[in-house]
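Predicted, not measured: the structure shown is a model, and the values here were computed from it. Quick note on labels: first sequence line is chain A, next is B, and so on, each numbered from 1.
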Amino acid sequence: MSKWRPVGPAAEWTAMEERVLAFWRENDVFQRSVDDRKGADPYVFYEGPPTANGRPGSHHVLSRVFKDIFPRFHTMRGRYVERKAGWDCHGLPVELEVEKQLGISGKPEIEAYGIAEFNARCRASVGEYLDEWERLTDRIGFWVDTSQAYRTMDTDYVESVWWSLATMFDKGLVYESDKVVPYCPRCGTALSSHEVAQGYKDVTDPSIYVRFPLVDEPGTSLLVWTTTPWTLPANQAAAINPHTAYAVVHVDGERLVMADALVAKVIGDDAVVERTMPASDLAGAAYEPPFGHIPGRHIVVMSDFVTTEDGTGIVHLAPAFGEDDMRAAREHGLDAPNPVDRQGLFTDKVPEAVGVFVKDADRQLITDLEGRGRVFREKPYEHSYPHCWRCSTPLLYYAKPSWYIRTTDVRDRMLALNEQVGWHPEHVKHGRFGRWLEGNVDWAISRERYWGTPLPFWRCDDCEKVTAIGSFKALRDHAVVEVGDEFDPHRPFVDEVPIRCECGGTAHRVPEVVDVWFDSGAMPFAQHHYPFEGEDGLAGRFPADFVCEALDQTRGWFYSLLAEGALLFDEAPYRNVVCLGLILDGEGQKMSKSKGNVVEPWTVLDHAGADAFRWYLFTAQSPWDSFRFSLDVVDETRRRFLFTLWNTYAFLTTYASLPDGFTPGDPAPPVAERSEMDRWALSRLDATIDAVTDGLAGYDPTNAGRALESLVDDLSNWYVRTGRRRFWRSDDATDRAAAFATLHECLSTIALLVAPFCPFVADEMWGNLVAAHDPSAPESVHLANWPASGGRRDEALEQAMAAALEATTLGRSARKDAKLKVRQPLKEAVIACPPATARLLEGLSSVVAEELNVREVRFVTDAGGLVDVSLKPNYRSLGPRFGKGMPAVAEAVAALDANQAVRDLDADGAIHVIVNGNDERFEDDDLLREVRPTEGYAVAEGGSLAVGLSTEITPELEMEGLARDLVRAIQNARRTADLKVEDRIVLHLDGSGRIREAIDAHRAYIAGEVLATELTVSHGMPFTPVFREDGEIDGEPVSISIALA
RNA sequence: GGGCGAUUAGCUCAGGUGGUUAGAGCGCAUCCCUGAUAAGGAUGAGGUCCCAGGUUCGAGUCCUGGAUCGCCCA
C-alpha cells in the first residue's frame, strides 16, 4: 500500500506554502518546536522592535527572514530558542502621523489640542498596521511569538526603563547641560536630523570678513569669516586649526592674520606676507570682540574642527549657536552666553537689535560693525541652509538645556566589550562601529515631545534638587497625590503627580521624554519587566547570542543596546551581530514611493512565494551588500534552485509510487556495496552537511546556501540524469533498491538542511518522504534534529567524478566539432591524462562511456605514440623554491625532451634538470603535463585532460544508432498516445530495409526499452492499434503502431 | 570635510595564504534530448578584473595615489 502523496507541478508553489502554513497552525508546530527543547542550553535571540505605524516593506522581509534562519537552525541543533516579538511604539514618527491625521502642526497646536487626547491618538495609531505586520510575519515563515510581544509603551516596559534611568542617575551618570540643536523658533521645537534633511533650501546670506583687533599688537587684526553675522554678538572666542600655519599679511597699512594657505585666495596673489607662524604661537592671544556685550577676555583657542577649505582659517566661536562651537568652548572651559530668546529675538543684552528676529538683524549689525571699521569685506554667499519643513522658517542652531547620559565614562569599556562581539561583516567591529565608539560623546537622551517614555526625574520647586524615581512603587511612596492602580505613566498624567522633596518642598517632573533609541536599547531587560519580576529574571536571557538589523542601525539600536548593557550590566548585550544591506530596486536606485519603484512584499509572495523570496535574500550575495531587488531576480532564483529541487523530489516520488517502486525502509545494499554514483552522491551529501552546518554556525547563510544549491544541482543534473533508468528498469532489483535508497537519503537530508532557509518546501518534502512512512519520525521537519555527516565522505571519488564530468564535457565538445550527434554510438573514447587521473577515472569509465555514448573508454597516459606530451613548470611549487630563477626554470623545462622526461618521471618519480648550471631535482608534482591524442580522433582538451573520439561509424554502429532513434520515436508515440509510464504495449513496426535491419539486430533492446510484450515487423497489420504514427528516421520512412498489451 | 564599504562578462554575482588558460547563473547564438516533459541538457561568443604608479621571477589578489558609486557622520 503506497503512502506516497502525488507531487503537483512546481508552478503551484504558493498553494503548497499555504497548505504548509495551515499544517503548522493546526498542529501548533512553532510552539512545539520551542517547547520540545525546554530545559536545553538556551540560544538567545533579541527582536529589534520595528514600528508598526507604517506598512511593512521588502526591507522588513529581509531583516525578518534573517532573524528567522538562525533561531530555526539552532532549534534543530537542540537549543532552547525563545522568540519574543516586540514593537517600538513611541517617537516622533508616530506623533507626526497623528498631527497629519488631525490636520495640526507644531507644539503649540498639539498643546492647544490637549496632550491627553493627542497621546491617546498616538497609542491608537501605533497598532494601525499591526494586522498587516502579523500577516506578513506569518506568511514569510518568520517564527516569532507575536502573542507575547513586548511593546515599548506598555506600563511594565516603561517601569523597567524608569528603573534603568534611575539606576544611572543614582550612579551619577545623568546630568543636564546645554546642547545645540536645530531649532525652529516659530514652532518652538527642536527638529530631528530626519526632519532637518527634508528642509534644505538654497539661500543667499550676507557673508562678511570681520576684523578682530589683537589687544597686544596694535594695527594687527585676526581676519574672521562668517555667514551668520547675527551670531557675532555672542562671540566668545576665535578658533584656529592647531596643525595649520598662520600668516601676518600687510594690506593697505594694516596687518591681518589668517591661515597661510588661504592668503592668496582671500587677499590675492600680490599679498605681502610679513611672516608666518605655527598655530601654537597664535593661541592664547587676546582680541577685542566685535560687540562688547560678552564680558571677560576673548582669546584665540585651538580646535581640530577648523578647516582651511574656505574662510580664513580662523573661526568665530558662538557656543550657543553651533555644535562645534559648543564642543570647543567646553574643551576650553568657556561659557556659552545666549542673547537670543526662544522666539529667535535678540534680548536686551544686544541693545542694537533688541526684539529683532536674528535673521532680520544681519543688516543692522553689519552696518554697526562697518561704522566701527570692523568689516574688511562683505559679499553675498549662496549656500544650502536648513529650514523648518513645516513652516519654512530658517532653522537656528540653538543651545537648549538637555539631559545627558555620561557614556564617555564607559567609552573604553564599550570598546573592550566590542572586542568580544562577532560582527558580520567583520570590518564593522573596528570600522564603522569601532570608530563610532572611539568618537563617543555623551548621549543626549531628552526630547521635548509628548509621546514617549517620560523621564523619571522630578525637580524641586524650592531647592531645585532632582530626584530620580525608579519604580511605580517609589512614585506612590513619594507622591503628594494619590496614584491609582491603573496609572498610565505617560504624559500628561505623570506630569500631574508632584512628589515631596527631601527639603520639604514640592517637586515636579521635568517636561522631557526619553529618546526612543533608549527605549529599544532597553529591550533586553524591559521586555521581561526586569528587575520587577525577580533579580534572576534575565537568567538564560542575557546576553543575546544573536541580533540582526540593517547596517544603518550602527548608531541606532546596536549602539543603544551596547551603551545600556555597559552602563547597567557591564556586559555586551550581544555576542553576534549580522548587519544587513539596503534593498534597492533592479536599477540600483533606492526604493521610494515618490519614484514609484517600490516592490511590495505581497507582490513577491503572491507570485513567487516565501521560499523563493527567502532563498534569494539568503544567497544572492553577502547579507551586508545592497540588494538589487526585483521580482525577476526572485523568479530566477526560484527556477534555478527551488524548481530543480522540486523536480528531483517529484522524480523520486513518481517512480517510488509505481507498483514495483519503493518504500522508505525497503532493504537496500549497504553503502559500501553500492555503485560509484551512489557513493559519490552520499559523499557529496556528507560534504554538504558539513558545509551548511559550518556556514550557519558561522552566520554565513550565503555560502551555506550555495553549498546546498551545488548539491541539488549535482543530484539533478548528474546523479538523476545519468541514472534515470536505474529507477525503472526491472532487470536489477538490487541496484534499483540502492538507487532509491540513495536518492531518498539525499532528499530527506536536504529537507533537513533546507529547513531553516525554505521552511515550506522542506516540510512538504519531509512529510512525503519521511513522516508518512515512519511513525516514529517527527511529523514536521522543524521538530526534527539537525543531521550529522556520517562518514560517507570519499574525496578521491569526488575528485574522480569531477574528472569524469570534465571528460564528458570535453567529449561532447569533440562530438560537436565532428558533427557527431550524441544518439549515434561510437566505438571508443580515448582519454589522455596523467597516470594519477587515469587511476581515479578507471572506476567511472562506464559512466563516461554511457554519457558519451561510446562502446569503450580507453586511457592513454604516456608517450606511446598515440599521444603528444608537453611539460610546464608548476609555478605554485617551484616559485617559492626558485624565486628570481623562475624564468630560467621555465626555459630549462621547455628545452626538455618531454616524452623522455615523462618516461623518466614515471619510472623514477623524479628527473634532474640543469638550471643555471645547477643540477636540480624535479618531482612529479613540480611539473604539469599536458597530453593529447594525435591522429584519427576528434579531440577536445582541457586543463589536465584531453578526450578523443573515434570518428569511424561502422555499419554495426549505424544500426545501433538507428535502433536508438527508433526507441525515441516509439517513446514519443507512447506519450502522444497518453499512455502511463508503466503501461505494457503490443508494438508493430514497418519501414525501409535499413530500418528493418536495425530492428532485427536490436529487437530485444527496443522491446525492453519501450515495454513492448510483443514486437512484430511486417507490411500488414496484425492488430487494431490504439495509436499509429508514420514518420521518418534518418531519412527513412517508418511506421509505428501501438496497442495496449 | 571625515569614516567605512564597493567597483571582475550585456545583467546579477563567485574568486583561502600572490602562482598554469579569471569562473557560475541569467540573457544571447547554435544545437541536443524527449519516460524528470507546462521540464532538462550541451557547445559557443562575450573580460584592458575602475584608472595610474609601485613591490615581486609572477598581481584580479599586496602597497601608494586617484576616479566613480553607496552608507554613516559632520
Side-chain angles (χ1 to χ4, degrees), chain A residues 7 9-11 193 304-305 307-310 323-324 425 427-428 430-436 438-439 550-556 579 581-582 584 586-588 590 616 619-622 624-630 632-633 635-637 639-641 643-644 646-655 702-703 706 709-710 713 716-718 720-721 724-725 727-728 808-809 811-817 819 821-823 872-880 882-890 928 930 940-944 967-969 971-972 974-975 979-983 1009-1011:
Chain A
V7 173
S193 58
D304 280 322
F305 84 91
T307 71
T308 51
E309 285 300 311
D310 44 28
E323 205 172 342
D324 287 326
H427 62 74
V428 175
H430 296 126
R432 185 178 284 218
F433 196 65
R435 299 272 178 167
W436 162 252
E438 283 166 18
L551 194 50
D552 58 12
Q553 291 294 317
T554 318
R555 290 124 207 273
C579 301
L582 262 73
L584 306 174
E587 256 64 87
K590 212 169 181 171
Y616 163 76
T619 61
Q621 78 253 316
S622 296
W624 42 84
D625 288 335
S626 300
F627 290 80
R628 289 203 171 193
F629 180 66
S630 67
D632 283 348
V633 294
D635 230 24
E636 185 194 321
T637 286
R639 280 197 305 273
R640 191 172 73 225
F641 175 65
F643 283 10
T644 308
W646 189 267
N647 277 335
T648 311
Y649 159 64
F651 174 85
L652 175 74
T653 52
T654 301
Y655 287 98
T702 314
N703 284 307
R706 285 176 181 172
E709 194 165 295
S710 151
D713 188 62
S716 169
N717 289 328
W718 190 240
V720 170
R721 190 165 60 76
R724 270 187 292 233
R725 39 208 306 109
F727 293 86
W728 68 75
T808 56
T809 298
R812 286 196 196 101
S813 180
R815 262 188 187 272
K816 176 113 174 162
D817 288 345
K819 298 196 191 328
K821 62 181 179 181
V822 178
R823 226 181 300 129
K872 278 188 184 173
N874 182 355
Y875 282 84
R876 196 185 278 271
S877 74
L878 294 177
F882 288 95
K884 273 184 215 209
M886 278 311 287
V889 172
L928 299 167
E930 272 177 19
E941 51 192 326
S944 60
V967 167
R968 180 188 63 88
Q971 300 288 32
N972 240 356
R974 283 185 60 118
R975 281 183 44 72
L979 298 189
K980 290 188 196 134
V981 293
E982 69 270 27
D983 282 342
E1009 285 294 307
V1010 303
L1011 302 184

Q: Once you apply the 3.5 Å cut-off to both distances, tell me the Watson-Crick or G-U wobble partner of B:G23, or none.
A: B:C13
Q: Give the rounded distance in Å between these two atoms: CZ of A:R812 and C1' of B:G41.
A: 7 Å
Q) Of all the choices, B:A36, B:C11, B:G35, which nucleotide is nearest to the side chain of A:R974 once you look at every atom? A) B:G35
Q | A:L551 or A:N703, whichever maps to the more 5' nucleotide of RNA chain B | A | A:N703
Q: May I ask which nucleotide in the shown strands pairs with B:G5, Watson-Crick or G-U wobble, both distances under 3.5 Å?
A: B:C69
Q.
I'd like to check A:P425 versus A:C579 (side-chain heavy atoms, cut-off strictly below 4.5 Å). Are they in contact?
A. yes
Q | side-chain N/O A:Q621 vs B:C13 OP1/OP2, d < 4.0 Å | A | yes
Q: Measure from the side-chain heavy atoms of A:W728 and tell me the nearest of B:G5, B:G35, B:G41.
A: B:G35
**Q.** Nearest-angstrom distance, P atom, B:A52 to B:A67
**A.** 15 Å
(Q) Measuring from the side chain of A:Y655 (C-beta onward, heavy atoms only), which nucleotide among B:U34, B:A36, B:A74 has the closest atom? (A) B:A36
(Q) Measure CH2/A:W646 against C1'/B:A39 and give the value in whole Å, please. (A) 15 Å
**Q.** Validation row: A:R640, A:E709 side chains within 4.5 angstrom (heavy atoms)
**A.** yes
Q: For A:N647, report the nucleic acid contact type (base, sugar-phosphate, nothing); a contact means any heavy atom under 4.0 Å.
A: base
Q.
Measure NE2/A:H430 against P/B:C72 and give the value in whole Å, please.
A. 23 Å
Q) Which nucleotide, B:A36, B:C26, B:G19, lies nearest any side-chain atom of A:R639? A) B:C26
Q: Examine distances only and state if a side-chain atom of A:R974 and a backbone atom of A:K980 form a donor-acceptor pair shorter than 3.5 Å.
A: yes
Q. Less than 4.5 Å apart, any side-chain heavy atom of A:R725 and any of A:E1009?
A. yes
(Q) Please give the distance between the P atoms of B:U61 and B:U48 as a whole number of Å. (A) 16 Å
Q: For nucleotides B:A59 and B:G19, find the distance between their C1' atoms and express it as a whole number of Å.
A: 10 Å
**Q.** Verdict with supporting geometry, A:F651 and A:R724, side chain to side chain contact (heavy atoms under 4.5 Å, CB included)
**A.** CA-CA 9 Å; A:F651 174 85; A:R724 270 187 292 233; 4.0 Å; yes
Q. Whole Å only: how far is the CD atom of A:E636 from the C1' atom of B:C11?
A. 9 Å
Q: Quick one: label A:V720 by what it contacts on the DNA or RNA (base, sugar-phosphate, nothing), any heavy atom closer than 4.0 Å.
A: base
Q) Which is true for A:P880 with a 4.0 Å heavy-atom rule: it touches a base, it touches only sugar-phosphate, or it touches nothing? A) base
Q.
Can you tell me the base-pairing partner of B:C28? Count Watson-Crick or G-U wobble geometry only, both distances below 3.5 Å, and say none if there is no partner.
A. B:G44
Q | A:V1010 vs A:V967 side-chain heavy atoms within contact, under 4.5 Å | A | yes
(Q) So for A:T809 and B:A42, does any side-chain atom that can act as donor or acceptor lie under 3.5 Å from a complementary atom in the base? (A) no
Q: Answer yes or no: does a side-chain N or O of A:R435 lie under 4.0 Å from OP1 or OP2 of B:C4?
A: yes
Q: Check for a donor-acceptor pair, side chain of A:R628 on one end and backbone N or O of A:V633 on the other, with a separation under 3.5 Å.
A: no
**Q.** Selection from B:G40, B:C13, B:G19 that lies nearest to any side-chain heavy atom of A:Y875
**A.** B:G19
Q: Give one of base, sugar-phosphate or nothing for A:R706, where a contact means two heavy atoms less than 4.0 Å apart.
A: sugar-phosphate
(Q) At less than 3.5 Å, do the side-chain atoms of A:R432 and the base atoms of B:C71 form a donor-acceptor pair? (A) yes
Q.
Heavy atoms only, 4.0 Å cut-off, all strands: where does A:T644 land among base, sugar-phosphate and nothing?
A. nothing
Q: Quickly work out the A:F882 CZ to B:G58 C1' distance and round it to whole Å.
A: 15 Å
**Q.** Atom-to-atom span, CG of A:D635 to P of B:G27 - whole angstrom
**A.** 11 Å
Q.
It should be established whether A:N717 places a side-chain nitrogen or oxygen under 4.0 Å from OP1 or OP2 of nucleotide B:G41.
A. yes
(Q) Of the options B:U12, B:A36, B:G5, whose atoms approach the side-chain atoms of A:H427 most closely? (A) B:G5
Q: Would you confirm whether the ring centroid of A:W646 sits within less than 6.0 angstrom of the ring centroid of A:Y649?
A: yes
Q.
Categorize A:S622 for me: base, sugar-phosphate, or nothing, with a 4.0 angstrom heavy-atom threshold over every strand shown.
A. sugar-phosphate
Q: Could you measure between the two P atoms, the one in B:C26 and the one in B:G44, and give it in whole Å?
A: 15 Å
(Q) Taking pairing as Watson-Crick or G-U wobble with both contacts under 3.5 Å, can you name the mate of B:G35, or confirm there isn't one? (A) none
**Q.** P atoms of B:G15 and B:C69, separation to the nearest Å
**A.** 26 Å
Q: Using the C1' atom on both, measure B:G10 against B:G1 and round to a whole Å.
A: 38 Å
Q.
Counting only Watson-Crick pairs (N1-N3 plus N6-O4 or O6-N4) and G-U wobbles (N1-O2, O6-N3), all under 3.5 Å, who is the partner of B:G53?
A. B:C63
**Q.** Residue whose nearest RNA chain B nucleotide is more 5′ - A:L1011 or A:E323
**A.** A:L1011
Q: Could you check how far CZ of A:R815 sits from P of B:G44, rounded to whole Å?
A: 16 Å
Q. Say you pick atom P in B:G35 and the same atom in B:G40; how far apart are they, in whole Å?
A. 16 Å
Q) When only distance counts, do a donor and an acceptor, one from the side chain of A:R725 and one from the base of B:G35, lie under 3.5 Å apart? A) no
Q | Heavy-atom pair of closest approach, residues A:V428 and A:L551 | A | CG2-CD1, 4.0 Å
Q) How is A:L878 classified with respect to the nucleic acid when contacts are heavy atoms under 4.0 Å: base, sugar-phosphate, or nothing? A) nothing
Q) Given atom OH of A:Y616 and atom C1' of B:C13, what is their separation to the nearest angstrom? A) 10 Å
Q) Can you tell which of B:U20, B:A14, B:U34 lies closest to the side chain of A:D625? A) B:A14
(Q) When the C1' atoms of B:G46 and B:C63 are compared, how many Å lie between them, rounded to an integer? (A) 33 Å
Q: Give a yes/no answer on whether the side chain of A:R640 brings an N or O atom under 4.0 Å of OP1 or OP2 in B:G25.
A: no
Q) OP1, OP2 of B:G35 versus side-chain N and O of A:R975: anything below 4.0 Å? A) yes
